Amino acid sequence: MIETKQFKDDLLNWFHKNKRQMPWRETSNPYYIWLSEVMLQQTQVNTVRPYYKAFIERFPTIESLSEANEEDVLKYWEGLGYYSRVRNFQEAVKEVHHSYHGVVPDNPDDFKKLKGVGPYTNAAVMSIVHNHPIPAVDGNVLRVWSRLTGNDSDIAAPKTKKLYEDELQPFVEEHSGDFNQAMMELGATICTPKKTLCIMCPVQKHCYAFANGIVDELPVKKKKIKKKTIDFNVLYITNRSGEILVRQRDTKLLNGMWEFPMFEADESIHSIEETLDAVIDIDQTPEYTTKHVFTHMTWNMNVYRAHTQKSDFDYPYKWIKKEEKEQLSFSTSMSKIFNQLNG
DNA sequence: TACCCGTGGCG
DNA sequence: TCGCCAAGGGT
């Protein structure tokens, strides 16, 4: 359990002595601070600096941005990425110009309704400009708080973020703007994803992960695995005796398991025949199509019946009788195919 | 809920 | 080289 006042004192003292110079920290203009927060979404401070300066020089007021054409505005975002940010921002600024007499709303309920203003941007701008007591939980804070509290739940899960917001609420009743910025600054400079600088940490004595030597194990973040999909042609090849051609895998995936010869779908019959060194008669259309889902990939398999005259194959290929199938290890997907084709 | 959106830096 | 990460939000 982190002692609120002591932690906050330690953190804020450090922040006031060590905070980095940033152009948007030299203004209290809500429009500029809002702009900086939009630019900083998923973008590092040093990348943002030059864009921020050029942007406010060209569009110094809400009115000037409202009246600019989109092409011109986009030019000033060129290279920053996530271009919908600037379209949403201009739309929101126009809304402020027309519906709020050019004054950025000073209450979270109205501000959050503006295009492109989500939970984070709302909390950041409203706390920095008006000290509204809302915790700003970004990627930094998720990491920092998981370590400080030793929480190993998945920080990608919405309920984890919600929990952190609740736990941080007591810390932002006063000086929320500085507190929010200090937490992010800590994450960006000390409590970094890798090669943390715990020795420099102003709140080391409050940190569960440091005390227990598990800093490198936090935060826990479920990896989002992009499932690859690969299309295969699976050949159920028989000979005159009714035997079936199988082969043993020598691959990382399913290593040592037996399978029916399978080839990526874009491989030609000619190429397959070369590999097998045999003439293969393959049905025109697949017997059926099935798929097998692994943790990290999906196989789409077109299963063809095929026939060959060739009698002898060298390892890793070999002929087996149907009854011998039981004596070899086949992956689940292959057993399903076998059963499908043999009633 | 899960995916998409851009680019640069880092180990 | 490659995956992860960066002051997220929209759909």
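A quick note: this is a predicted structure, and the numbers were derived from the prediction, not measured. Each chain gets a letter, A, B and so on, in the order its sequence line appears, and its residues count up from 1. All values below come from the heavy atoms of this structure, side chains included, with hydrogens, waters and symmetry mates left out.
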Just to confirm, is there a sub-4.0 Å distance from OP1 or OP2 of [N] to any side-chain nitrogen or oxygen of [X]?
{"X": "A:Arg85", "N": "B:dG6", "value": "no"}
{"X": "A:Thr121", "N": "C:dG9", "value": "yes"}
{"X": "A:Tyr82", "N": "C:dA6", "value": "no"}

[atom1] atoms of [N] and [M], separation to the nearest Å:
{"N": "B:dG6", "M": "C:dT1", "atom1": "P", "value": "25 Å"}
{"N": "B:dC3", "M": "C:dC4", "atom1": "P", "value": "14 Å"}
{"N": "B:dG11", "M": "C:dA7", "atom1": "P", "value": "15 Å"}
{"N": "C:dG3", "M": "B:dC4", "atom1": "P", "value": "16 Å"}

Mind calculating the distance between [atom1] ([X]) and [atom2] ([N]) to the nearest angstrom?
{"X": "A:Arg20", "N": "C:dA6", "atom1": "CZ", "atom2": "P", "answer": "13 Å"}
{"X": "A:Glu78", "N": "B:dG6", "atom1": "CD", "atom2": "C1'", "answer": "13 Å"}
{"X": "A:Glu165", "N": "C:dA7", "atom1": "CD", "atom2": "C1'", "answer": "15 Å"}
{"X": "A:Tyr51", "N": "B:dG6", "atom1": "OH", "atom2": "P", "answer": "13 Å"}
{"X": "A:Leu114", "N": "C:dG9", "atom1": "CG", "atom2": "P", "answer": "13 Å"}
{"X": "A:Gln42", "N": "B:dG8", "atom1": "CD", "atom2": "P", "answer": "15 Å"}
{"X": "A:Leu142", "N": "C:dC5", "atom1": "CG", "atom2": "P", "answer": "12 Å"}
{"X": "A:Lys195", "N": "C:dA6", "atom1": "NZ", "atom2": "C1'", "answer": "18 Å"}

Of all the nucleotides listed ([options]), which has the minimum atom distance to the side chain of [X]?
{"X": "A:Trp24", "options": "C:dA7, C:dG8, C:dC5", "answer": "C:dA7"}
{"X": "A:Glu37", "options": "C:dA7, C:dT11, B:dG6", "answer": "C:dA7"}
{"X": "A:Pro158", "options": "C:dA6, B:dT1, C:dG9", "answer": "B:dT1"}

- Task: Please evaluate the base of C:dG8 for a donor-acceptor partner in the side chain of A:Tyr120 within a cut-off of under 3.5 Å?
- Result: no

Quick one: do the [X] and [Y] side chains pair a donor with an acceptor below 3.5 Å?
{"X": "A:Tyr236", "Y": "A:Asn342", "value": "yes"}
{"X": "A:Ser153", "Y": "A:Asn151", "value": "yes"}
{"X": "A:Asp110", "Y": "A:Asn107", "value": "yes"}
{"X": "A:Gln41", "Y": "A:Tyr82", "value": "no"}

Hey, does [X] reach any base, or is it just sugar-phosphate, or nothing, if we go heavy atoms under 4.0 Å?
{"X": "A:Arg143", "value": "sugar-phosphate"}
{"X": "A:Met183", "value": "nothing"}
{"X": "A:Val141", "value": "nothing"}
{"X": "A:Thr43", "value": "base"}
{"X": "A:Ala136", "value": "nothing"}
{"X": "A:Gly187", "value": "nothing"}
{"X": "A:Arg49", "value": "nothing"}

- Task: Return the 5'-most residue of the pair A:Gln41, A:Pro193 with respect to DNA chain C, ranking by each residue's nearest nucleotide.
- Result: A:Pro193

- Message: Pick the closest DNA chain C nucleotide for A:Lys194 and for A:Ser36 by heavy atoms, then say which residue is nearer the 5' end.
- Response: A:Lys194

- Could you tell me how the ring of A:Phe338 sits relative to the ring of A:Phe260: parallel (under 30°), tilted (30 to 60°) or perpendicular (over 60°)? parallel

- Relative to each other, are the rings of A:Tyr317 and A:Phe313 parallel, tilted or perpendicular (30° and 60° limits)? tilted

- Task: Flag the pair A:Asp109 and A:Lys113 as a salt bridge only when some basic side-chain nitrogen lies within less than 4.0 angstrom of an acidic carboxylate oxygen.
- Result: no

